[in-house]
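The structure appears below as structure tokens.
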Amino acid sequence: MQKIYCHLDMRGLKLLDRFTSTQVHALNPTDTSNGKTHVGVSRAKLNSHLIKSFGSNSKPKSFNSLSVTEALLLPYGLPATDLLEPSIEPHLKPTEFVEILADLYHRLENCSSQSDKSLLCIEQYSLLRSLGDPKLLRRCLRAARQNAVDVNSKVVLSAWLRFERREDELVGMSAMACSGQVLECPQVALVNGFDPNLVSGHCQCDHDPSKAVNMLIFEGNECVSLEEEEEESDVSFCIGNVEINCARCKIASLSSPFEAMLYGCFKESKKGKIDFSENGISVKGMRAVEMYSRTRRLDLFSPEIVVELLSFANRFCCEEMKSACDAYLASLVDNIDDALVLIEYGLEEMAYLLVAACLQVLLRGLPSSLYNPKVMKFLCSSKVRERLAMAGHGFLLYYFLSHVAMEESMVSKTTVMILERLEECTTERWQKTLVLHQLGCVLLERREFKDAQFRFLAAAKAGHVYSVAGVARTKYKQGQQYSAYTLMSSIISEYKPAGWMYQERALYNIGKEKILDLSTATELDTTLLFPYKYRAVAKAEEKQIRAAILEIDRTVRFKLSPDCIELRAWFFIALEDYESALRDIRVLLTLEPNYMMFHGKVSGDYLVELLSHRVKQLSQADCWMHLYDQWSSVDDIGSLAIIHQMLGHNPGKSLIQFRQSLLLLRLNCQKAAMRSLRLARNNSGSEHERLVYEGWILYDTGNREEALSKAEKSIHIQRSFEAFFLKAYALADTSLDSESSSYVIQLLEEALKCPSDGLRKGQALNNLGSIYVDCGKLDKAVDCYMSALDIKHTRAHQGLARVYHLKNQRKAAYDEMTKLIEKAQNNASAYEKRSEYCDPEMAKTDLNMATQLDPLRTYPYRYRAAVLMDEQKESEAVEELTRAIAFKPDLQILHLRAAFHESIGEVSSALQDCQAALCMDPNHTDTLDLYNRARD
């Protein structure tokens with residue numbers, strides 16, 4: 001079934017969020033510490049130039065007047081190669097990645113402790129972050145939460161899962177509200193212990209306060225009398241001149257010290273009145289103690305009195321009372337102000353459930369709580385960190401905090417302080433290595449080069465070879481270029497070469513040797529963006545602007561990176577191709593709405609406004625027509641630009657934002673796609689529409705059953721195309737039997753009966769055709785595909801080709817895919833698919849083209865390796881896969897290499913590849929079968 005939500009792997013695309021954060025520019029920002037731009041042109045002066053240039057749509061006629069290009073680029077000039085440099089990724093990047101993944105899976109497989117397994121899942125998360133696949137990372141976090149035993153871990157991990165879905169951006173969602181996901185429920189997180197049945201699914205927690213019956217209260221801090229008759233008092237506790245009558249046996253039952261005092265050999269055992277004035281409890285507090293001794297209830301008292309009871313219980317070893325006060329106060333915490341107050345009491349009185357509940361409020365308020373000075377003063381304090389450690393909070397808490405802080409800003413002081421606290425929490429080698437490397441990256445961004453070098457060097461000494469790149473960079477920044485060059489050369493000679501090594505050395509090389517290093521980097525890892533950017537800017541410096549655009553286009557085909565899109569916009573402005581420049585800036589703002597161009601000096605929105613005067617203005621109706629054209633030509637980038645323009649006309653249109661999310665998912669921009677989905681949900685005009693968007697959010701974050709529930713609720717309110725489509729899509733995402741297939745067909749047919757536009761109906765028809773093919777109803781499938789093509793759903797050519805192939809009409813199938821290739825702007829997948837319908841030589845050509853267009857597609861590598869294996873070129877076959885694994889450790893490639901190793905008798909290598917693959921997906925059936933077979 002064609003998936004309109006194209007859930008391909010994220011390809012390392014690093015997007016930034018709503019708040020201030022480090023921005024990866026085509027050029028590094030210049031030093032603005034003196035308050036000036038790098039050429040001394042003020043913003044006001046730039047504005048003056050731009051306004052003059054855009055005063056009319058005619059081109060400047062006089063020699064002295066500025067052209068548009070001059071007005072835009074004069075203050076900054078075109079990008080320069082000597083200012084370009086790649087970022088140091090703040091992740092673990094081990095040189096022996098497969099071996100380390102295999103070892104981690106082995107430890108997971110043999111781990112008997114649930115809490116230890118949870119920590120191993122966090123280690124797994126840290127290793128897989130460099131792959132940039134949100135599905136893999138979410139699976140790690142869910143597994144960590146499922147195996148968590150203690151409340152402290154549950155609180156952090158449930159908040160982390162919530163943060164990954166960015167529920168804070170959903171209007172009307174309280175931070176402490178349960179969204180229905182049992183692993184994220186704040187109430188479930190406060191229950192200690194491991195429940196094997198509490199793995200996933202919908203939470204059944206009760207939110208109805210009306211069911212809290214028999215809740216008696218204090219009025220004016222005086223207790224409302226109980227209906228039950230008080231027991232006879234036989235001892236009084238005196239506080240000042242006030243006597244509190246108590247039942248001796250009830251007070252004695254509170255703790256062993258009280259029992260000894262009231263019934264033992266102490267003099268108080270003989271007294272009817274006991275002076276308690278010097279024991280730190282108020283009259284109201286002692287009355288509460290007396291009542292608790294009889295009722296074992298706390299809901300009768302104000303929180304202030306319960307806090308006093310907690311202190312009293314601690315002082316007199318009343319463990320039952322302490323636990324009750326701890327739990328009761330924990331249940332009351334629901335806002336940051338209360339949390340900041342109560343957590344101090346919790347730490348002081350060692351009420352660790354209360355501490356966890358308070359932290360939960362702070363964590364579920366992220367990222368907003370990062371900007372609360374009181375919260376940050378508390379969490380960033382070294383002394384507080386020590387006190388939290390006494391309560392059992394350590395690495396996991398500060399790892400989550402540092403993750404959020406680094407996403408918000410790589411240069412803030414808060415991020416540095418949280419990472420420093422995290423460093424204090426480390427207990428294992430990988431933790432220490434990770435924190436040192438991340439601190440190095442943050443300090444490098446802050447231009448604190450000596451401190452950054454110290455951290456990178458420590459991480460490198462701990463065995464993280466990639467941190468050597470950080471050491472070299474900090475040396476280079478301090479004027480030690482030759483030292484940086486020799487350091488990287490020694491790494492290249494000592495370790496198995498990797499693309500990042502040559503990329504880093506190229507920074508410190510010169511002339512032809514520099515170009516050679518960049519070429520080697522691309523050869524080893526075609527997904528590294530810096531070599532393309534450098535070559536493109538070098539061509540621009542030689543006035544070969546069109547060649548520069550072609551070079552940067554190579555990256556845009558397989559990775560929609562903001563800095564590359566910005567660079568291409570510069571080049572289009574230099575060519576005075578303002579329409580293309582405007583398109584790219586609109587795409588840039590779709591990815592990062594607050595993006596600042598030209599070294600971070602000019603907002604993207606401002607440039608859109610200026611360039612719009614130089615291109616033809618489109619009405620909303622014109623935009624819809626252009627969107628149909630772009631969609632039918634499979635020009636996803638062009639479609640994104642049109643949708644951005646449409647949202648300018650109607651910024652709160654949820655339908656358009658939903659279309660935007662579809663395109664972003666197809667382009668593997670999941671963070672931006674989810675942001676668009678959240679906006680669509682927030683701007684939805686009806687409940688049934690809101691439920692559909694919430695369903696897609698749930699589906700795309702791995703909650704299929706909950707997504708189906710949302711779709712069903714939406715259909716119950718109102719039958720709509722999107723609700724039926726969502727339900728059909730979610731149901732079809734499993735292996736379908738004949739009965740299930742019939743039901744999905746019925747749902748899609750119902751969807752097609754509902755009003756919608758041609759873009760969506762074409763997708764529904766295409767999916768319906770796919771189901772018909774799976775059911776063997778080829779003629780009906782052809783009808784669906786032809787109907788889809790009639791409304792310009794170009795991708796239906798692929799489905800039609802599949803039907804022809806099943807009918808043994810390979811030539812017709814090949815021709816159908818050729819039509820798709822000719823029509824589609826993004827056609828790497830079409831070349832890949834066409835290779836299935838032609839002879840081996842032509843297939844090889846098509847697959848080479850697919851790799852050239854998109855080196856991240858894994859099927860071409862697997863096909864070429866399989867051909868080599870058939871030709872009994874075993875070593876060449878393994879090497880083909882190994883080259884791909886070096887920059888994309890893909891599950892399918894690892895599985896195939898394991899099979900190759902097994903077939904040639906290299907069992908240990910086969911086992912290692914299986915373990916690495918299972919570390920990515922422990923339920924992959926084919927790999928599990930191969931793994932078990934290799935072990936026998």
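Numbering starts at 1 and runs along the sequence shown.
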Is the shortest heavy-atom distance from the side chain of [X] to the side chain of [Y] under 4.5 Å?
| X | Y | answer |
| --- | --- | --- |
| Ile418 | Thr414 | yes |
| Trp430 | Ile100 | no |
| Pro94 | Leu127 | yes |
| Ser382 | Glu424 | yes |
| Cys325 | Met321 | yes |
| Ser118 | Val149 | no |
| Leu894 | Ile885 | yes |
| Cys178 | Pro186 | yes |

Look at the side chain of [X] and the backbone N and O of [Y], then say whether any donor-acceptor pair between them is shorter than 3.5 Å.
| X | Y | result |
| --- | --- | --- |
| Asn152 | Asp150 | no |
| His464 | Lys93 | yes |
| Asp338 | Val333 | no |
| Thr426 | Glu423 | yes |
| Asp525 | Phe887 | no |
| Arg455 | Ala452 | no |
| Arg675 | Leu591 | yes |
| Lys377 | Asn372 | no |
| Asn147 | Ala143 | yes |
| Arg446 | Val416 | no |

What distance separates [X] [atom1] from [Y] [atom2], expressed to the nearest 0.5 Å?
| X | Y | atom1 | atom2 | value |
| --- | --- | --- | --- | --- |
| Leu340 | Lys374 | CG | NZ | 7.5 Å |
| Leu891 | Cys919 | CG | SG | 11.0 Å |
| Lys117 | Cys111 | NZ | SG | 6.0 Å |

So, [X] and [Y], do they make that salt bridge, N to O below 4.0 Å?
| X | Y | value |
| --- | --- | --- |
| Lys671 | Glu407 | yes |
| Glu123 | Arg129 | no |
| Glu184 | Arg165 | yes |
| Lys322 | Glu319 | no |
| Glu169 | Arg681 | no |
| Arg138 | Glu164 | no |

Exercise: do His895 and Thr927 side chains pair donor with acceptor under 3.5 Å: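 There is such a pair (donor and acceptor under 3.5 Å, judged by atom type) between the side chains of His895 and Thr927.
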Between Arg162 and Ser158, does any side-chain donor sit less than 3.5 Å from a side-chain acceptor? no
Would Thr427 and Gln431 count as a side chain to side chain donor-acceptor pair (under 3.5 Å) if you check the C-alpha gap in whole Å, the side-chain angles of each, and the deciding distance to 0.1 Å? CA-CA 7 Å; Thr427 57; Gln431 296 174 354; 3.3 Å; yes
For [X] versus [Y], what's the shortest heavy-atom pair and its separation?
| X | Y | answer |
| --- | --- | --- |
| Ile122 | Ala144 | CD1-CB, 3.8 Å |
| Ala175 | Arg364 | O-NE, 2.8 Å |
| Met501 | Tyr495 | CE-CB, 3.9 Å |
| Asn682 | Leu170 | OD1-CA, 3.5 Å |
| Gly463 | Arg429 | CA-NH2, 3.8 Å |
| Tyr931 | Glu109 | OH-OE1, 2.9 Å |

Let's go through Leu444 and Thr474 carefully: what are the C-alpha distance in whole Å and the side-chain angles of both, what is the deciding distance for side-chain contact (heavy atoms from CB on, under 4.5 Å) to 0.1 Å, and is it a yes or a no? CA-CA 7 Å; Leu444 176 63; Thr474 52; 4.1 Å; yes
Measure up the Tyr399 and Phe395 rings against each other and bin them: parallel (under 30°), tilted (30 to 60°), perpendicular (over 60°).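 Tilted.
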Return the orientation label for the Trp160 and Phe400 ring planes: parallel under 30°, perpendicular over 60°, tilted otherwise. parallel
Report the C-alpha distance between Asp733 and Tyr699 in whole Å, list the side-chain angles of each, state the deciding distance to 0.1 Å, and finish with yes or no for side chain to side chain donor-acceptor pair (under 3.5 Å). CA-CA 10 Å; Asp733 192 24; Tyr699 179 83; 2.6 Å; yes
Starting from the C-alpha separation in whole Å, work towards a yes-or-no answer on side-chain contact (heavy atoms from CB on, under 4.5 Å) for Met350 and Tyr352. CA-CA 6 Å; Met350 295 179 289; Tyr352 295 146; 3.3 Å; yes
Geometric cation-pi criterion Arg107 and Tyr105, 6.0 Å radius, 45° cone: no
Chi angles and distances behind the side chain to side chain donor-acceptor pair (under 3.5 Å) call for Arg385, Ser381: CA-CA 6 Å; Arg385 202 276 311 164; Ser381 164; over 6 Å; no
For Arg473, which of Glu89, Glu445, Glu504 qualifies under salt bridge (Lys or Arg N to Asp or Glu O under 4.0 Å)?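 Result for salt bridge (Lys or Arg N to Asp or Glu O under 4.0 Å) with Arg473: Glu504.
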Pair Thr415, Ser412 - check side chain to side chain donor-acceptor pair (under 3.5 Å), show working. CA-CA 5 Å; Thr415 302; Ser412 75; 2.8 Å; yes
